[in-house]
Each structure stands twice: as C-alpha cells, then as structure tokens.
Amino acid sequence: DAKTTQPNSMESNEEEPVHLPCNHSTISGTDYIHWYRQLPSQGPEYVIHGLTSNVNNRMASLAIAEDRKSSTLILHRATLRDAAVYYCILRGHNAGGTSYGKLTFGQGTILTVHP
Amino acid sequence: ETGVTQTPRHLVMGMTNKKSLKCEQHLGHNAMYWYKQSAKKPLELMFVYSLEERVENNSVPSRFSPECPNSSHLFLHLHTLQPEDSALYLCASSQEFPGSGEKLFFGSGTQLSVL
C-alpha cells in the first residue's frame, strides 16, 4: 500500500486558517486521497476526499498537487472543536476493482487550536 | 451520530473469558470492517466483510473470530485474549462500488481491557 507522510503536530489559533500538508509520492493513478479526523474517545470522522481536482465541502477544502504527490487539507477558520488527530490516507483498490475500505492509517497530525 | 453503533462502549475481561463485541449500521451499506487501535499506534485493519462474505483477514490471531449474520450486523467474538489485546476496537461501514473511493463511517468504538 502506498504510504503518506504528515507532520507529527501543528498548532493554530482560533479563527485562523490551518493548512495541513501530506506527502504521498508513491500514489498510484487510481488511489483516492482521503482525510479523516479523530477526536479523543471517538472513532475517526470523514472530512473530505478527492482524486485529482481540488474539493470543497462544508468542513474543509482539499488542494491536490498537479502531480498528485502531495495534498493539503485546509480548515478555513479553526475552532476549538477542530482540535483532533488528522489522518491523510490513500484509498487503494483490491484485485477485484473495489477497495473494500483499504484505508491504511499512519500516525496522523495532532492539531492543537489555541483560544 | 454516524449511523454506526457499537456495544458495549467499555469492556473489561479476564484472559479466560469469552465475550463478543457488537456493531450495527443503519445506513444500508454493503461493507463492514473491524479496526484495532492500540495506544500510540495507527489504526490496523483486521477484517472486511462485503455482502456478508469475509473478503479480508489481515493475519489476525484466531482468538478473534468475526461474524457477519446480515449486512447490518457485525460481531467480533473474543476468547482467551492476552493483555496486549487491550485496545480500542472500531467498527466501520461503507457503500462500495467498483472503482470508487467511498468514505467510511466509524462507530465510537469499544475500549477493551484484558486483565
């Protein structure tokens, strides 16, 4: 499975934008880029995903490099509730053409948001 | 509320006990998963069920026995566990299509302690 590399931790102030980077230099052409976050004592929560084009939803934006070897999750205005571990994951496929949730999690980035 | 419910939330068991973890999804999804999250380690995929058929078993010891009686329910039967099996066990579900990169919905997990 292709791997991702993220900084161990990042800090932000409330109401400011946050850019969380992720490197995935061995990504294959069919891998989707997924972002999840995990709050303490909870399961991971889906944030956003994309394949080639930049994506926006109500939670965040995902900027994907043209060569797809890196991506950036953008939280436009951080709140205290955004403090969590953020995981950048490549969603691969099995031989049958479906991916069956083959999410390989790394250590993620611990985001601290200061009031 | 993610639509994936896990019970119990907490479980303490001795090494000679037999217990079961339960997961129920109310989303009409066709795939379900068990993940394990040990302290200070990334999430590890344990089992994948697609349309009630096990499609992936990531070299999990036989003391963990999954069961998927229908597309909405998933169990993890536990017997003769070891203290190192203490972890957060997470259930997830997704709706799979060939070649798609669909998102996973996670439950809140069962925090298991083996004494």
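Not measured: the values here are computed from a predicted model. Convention: sequence-line order gives letters A, B, ...; per-chain numbering from 1.
Contacts of B:L43 with chain A are made by both backbone and side-chain atoms, with heavy-atom separations under 4.5 Å. When heavy atoms are compared at a cutoff of 4.5 Å, B:Q37 approaches chain A solely by way of its side chain, counted from C-beta outward. Using a 4.5 Å cut-off between heavy atoms, A:Q38 touches chain B through its side chain atoms alone.
Within 6.0 Å of atom CZ in A:R77, 12 or fewer heavy atoms from other residues, nucleotides or ligands are found, so the atom counts as exposed in its surroundings. The neighbour count for A:N8 CG, taken as heavy atoms of other residues, nucleotides or ligands under 6.0 Å away, does not exceed 12. A 6.0 Å sphere centred on CD of B:E84 holds more than 12 heavy atoms belonging to other residues, nucleotides or ligands.
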>> Under the criterion side-chain contact (heavy atoms from CB on, under 4.5 Å), I'd like the reasoning laid out for A:Y36 against B:F106: C-alpha separation, chi angles, the key distance, then a yes or no.
In response: CA-CA 10 Å; A:Y36 287 74; B:F106 284 84; 4.0 Å; yes
>> Between B:L104 and A:H34, is the side-chain contact (heavy atoms from CB on, under 4.5 Å) condition met? List the steps.
In response: CA-CA 10 Å; B:L104 267 64; A:H34 279 239; over 6 Å; no
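No continuous path of ILVMFWY side-chain contacts below 4.5 Å connects A:Y86 to A:I74, so the two sit in separate hydrophobic clusters. Note: the hydrophobic cluster containing A:L80 also contains A:M59 (ILVMFWY, side chain heavy atoms under 4.5 Å, direct or indirect links). Taking hydrophobic clusters as Ile, Leu, Val, Met, Phe, Trp and Tyr residues chained together by side-chain heavy-atom distances below 4.5 Å, B:Y49 does not share a cluster with B:V4. B:V60 and B:F75 fall into different hydrophobic clusters, where Ile, Leu, Val, Met, Phe, Trp and Tyr are joined by side-chain heavy atoms under 4.5 Å apart, directly or via other members. A continuous path of hydrophobic side-chain contacts links B:F47 to B:L81 [ILVMFWY only; heavy atoms under 4.5 Å].
With sequence neighbours excluded, the residues satisfying side-chain contact (heavy atoms from CB on, under 4.5 Å) with B:S86 are B:V114.
The heavy-atom pair separating A:S41 from B:R9 by the smallest distance is O-NH2, 3.5 Å. Contact detail for A:P44 and B:L90: the closest heavy-atom pair is CD-CD1, 3.8 Å.
A:Y46 has its side chain out of reach of B:T2: every pair of non-hydrogen atoms, C-beta onward, lies at least 4.5 Å apart. Within the 4.5 Å cutoff, side-chain heavy atoms of A:R91 are placed close to those of B:S94.
Of residues 105-115 of chain A, those residues lying under 4.5 Å from chain B by any heavy-atom pair are A:F105, A:G106, A:Q107.
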